[in-house]
Amino acid sequence: MNAVLFDFSGTLFRVESADSWLRGALEAAGVRLPEAELTATARALEAAGALPGGGPPARVPEELADAWSLRDSSAALHRAAYVGLSRQVPLPDPALHEALYDRHMTPAAWTPYPDAAEVLRALRDRGVSVGVVSNIGWDPRPVFRAHGLDRYVDTYVLSYEHGIQKPDARLFATACKALGADPRRTLMVGDDRGADGGATALGCAVHFVDHLPVSDRPDGLRPVLDLVS
């Protein structure tokens, strides 16, 4: 393998918990909730699927179905889908729904998996090109910079910047072209078999990791180093 493509959320980074997400937005807004109410609200937001990078919604309201299906194809649709899901849950101030969305785009909301830096550094040392191919509605480059991982990434191919979503093979092809990589010598690493598996249409190999909390997946990326050797 002469190139490795990585998904972002659930692969290299994990978003904070719904509890931490809500707590951070409330603190920034100067809003206080009793602890029991905060916990219950966080669980309701989690069930609604309102946290990008978290679990899927238990149910997508009919009025959000179109935005949800295309959410990663534009920044506007991404915001509309997730803020719309958040609004299914009452909050003390309606402005908090937008504040929650803004919170999830901050570096503080994301933690790299424990072995992410080690694996990316080792790939760089071996001369293996690295790309990030993500279904996303915003720019995660500041997250990589804040956590010191941007130095290991050669290109970012983000769905909202191209108006198409994985598993569309054109996203993977764009990344391979940017890296000057032969898809048949490229590995795609992701946590979503449906979306990330689209790379196989180009002839890429694919390796899947589990979308788990950071503490539960200390070394899920290390097998990548064996696969490229």
Side-chain angles (χ1 to χ4, degrees), residues 1-15 52-53 72-73 107 110-229:
M1 299 293 174
N2 58 21
V4 180
L5 309 178
F6 289 94
D7 176 50
F8 166 56
S9 174
T11 300
L12 289 174
F13 284 82
R14 171 79 181 207
V15 75
D72 294 317
S73 64
W110 295 88
T111 302
Y113 280 94
D115 55 347
E118 169 195 341
V119 169
L120 292 173
R121 187 185 312 114
L123 292 173
R124 174 56 55 90
D125 290 346
R126 295 181 188 185
V128 177
S129 299
V130 169
V132 170
V133 182
S134 179
N135 275 355
I136 197 167
W138 53 279
D139 186 0
R141 293 175 182 89
V143 175
F144 280 81
R145 285 196 294 271
H147 291 280
L149 299 187
D150 61 307
R151 72 191 76 176
Y152 305 121
V153 180
D154 300 295
T155 193
Y156 295 83
V157 177
L158 311 175
S159 60
Y160 85 101
E161 292 183 336
H162 296 270
I164 50 178
Q165 305 175 155
K166 294 183 291 186
D168 193 314
R170 289 176 292 173
L171 280 179
F172 307 106
T174 298
C176 289
K177 182 177 180 180
L179 296 174
D182 181 345
R184 294 167 297 179
R185 298 187 62 195
T186 298
L187 175 67
M188 175 67 206
V189 182
D191 67 302
D192 187 324
R193 282 164 171 74
D196 299 313
T200 60
L202 290 180
C204 299
V206 180
H207 175 69
F208 296 108
V209 294
D210 294 322
H211 189 135
L212 294 171
V214 166
S215 60
D216 295 344
R217 211 194 77 193
D219 53 8
L221 292 168
R222 287 181 184 151
V224 169
L225 299 179
D226 294 328
L227 293 170
V228 300
S229 60

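Quick note: residue numbers are just sequence positions, from 1. As the structure is a computational prediction, the values presented were derived from the model and not from experiment.
- The two residues G198 and A169 come nearest to each other via the heavy atoms O-CB, 4.4 Å.
- Under a 3.5 Å cut-off, the side chain of S159 and the backbone N or O of D72 do form a donor-acceptor pair.
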Take V128 and M1 through the side-chain contact (heavy atoms from CB on, under 4.5 Å) test and state the conclusion after the steps.
CA-CA 8 Å; V128 177; M1 299 293 174; 5.7 Å; no
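- With sequence neighbours excluded, the residues satisfying side-chain contact (heavy atoms from CB on, under 4.5 Å) with S73 are L70, L77, Q165.
- Listed here is the closest heavy atom pair of P107 and P142: CG-O, 3.8 Å.
- G53 and W110 get closest at one heavy-atom pair: CA-CH2, 4.3 Å.
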Determine, stepwise, if the pair D139 / Y160 fulfils side-chain contact (heavy atoms from CB on, under 4.5 Å).
CA-CA 9 Å; D139 186 0; Y160 85 101; 3.4 Å; yes
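- With a 4.5 Å cut-off on side-chain heavy atoms, V206 and F172 do not count as touching.
- Rounding to the nearest 0.5 angstrom, the gap separating the CG atom in D196 from the CG atom in D7 is 4.5 Å.
- Taking 4.5 Å as the limit, every side-chain heavy atom of L5 sits out of range of all side-chain heavy atoms of V189.
- Side-chain contact check for V130 versus R124: every heavy-atom pair is 4.5 Å or farther apart.
- In this structure the side chain of V15 never reaches within 4.5 angstrom of the side chain of P52, judged on heavy atoms.
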Show the atom names and distances, to 0.1 Å, of all donor-acceptor pairs under 3.5 Å that link a side chain in residues 214-223 to residues at least two apart or in another chain.
unit_1	atom_1	unit_2	atom_2	d
R217	NH1	G10	O	3.0
R217	NH1	D210	O	2.9
R217	NH2	T11	O	2.7
R222	NE	E118	OE1	3.0
R222	NE	E118	OE2	3.2
R222	NH2	E118	OE1	2.9

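- Of all non-hydrogen atoms in N2 and A181, the two that sit nearest each other are OD1-CB, 3.8 Å.
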Anything under 3.5 Å between a donor and an acceptor, one on a side chain of residues 131-138, the other on a protein residue two or more places apart or in another chain? List them.
unit_1	atom_1	unit_2	atom_2	d
N135	OD1	K166	N	2.7
N135	ND2	K166	O	3.1
W138	NE1	H104	NE2	2.8

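- Here the straight-line distance linking atom CD1 of I164 with atom CG of L158 works out to 11.5 Å at 0.5 Å rounding.
- Under the side-chain contact (heavy atoms from CB on, under 4.5 Å) criterion, D150 pairs with F144, R145, Y156, not counting sequence neighbours.
- Here CG of L212 is found 7.0 Å from CZ of R14. Values are rounded to the nearest 0.5 Å.
- The number of heavy atoms from other shown groups lying within 6.0 Å of CZ (R184) does not exceed 12.
- The minimum heavy-atom distance between T155 and A175, with the atom names listed, is CG2-O, 4.3 Å.
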Determine, step by step, whether Y152 and L123 satisfy the side-chain contact (heavy atoms from CB on, under 4.5 Å) criterion, reporting the C-alpha distance in whole Å, the side-chain angles of both residues, the deciding distance to 0.1 Å, and the verdict.
CA-CA 8 Å; Y152 305 121; L123 292 173; over 6 Å; no
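- Under the 4.5 Å side-chain criterion, counting only non-hydrogen atoms from C-beta, R141 is not in contact with V153.
- Remark: R185 CZ to C176 SG distance equals 12.0 Å, nearest 0.5 Å.
- Every residue two or more places apart in sequence or in another chain that forms a side-chain contact (heavy atoms from CB on, under 4.5 Å) with P112 is listed here: F13, A116, H147, L149.
- In terms of heavy atoms, D192 sits closest to A195 at OD1-N, 3.0 Å.
- Annotation: the span from D125 atom CG to L120 atom CG amounts to 11.0 Å, rounded to 0.5 Å.
- Qualifying ring-ring contact (aromatic ring centres under 6.0 Å, His included) partners for Y113, counting only residues two or more places apart in sequence or in other chains: none.
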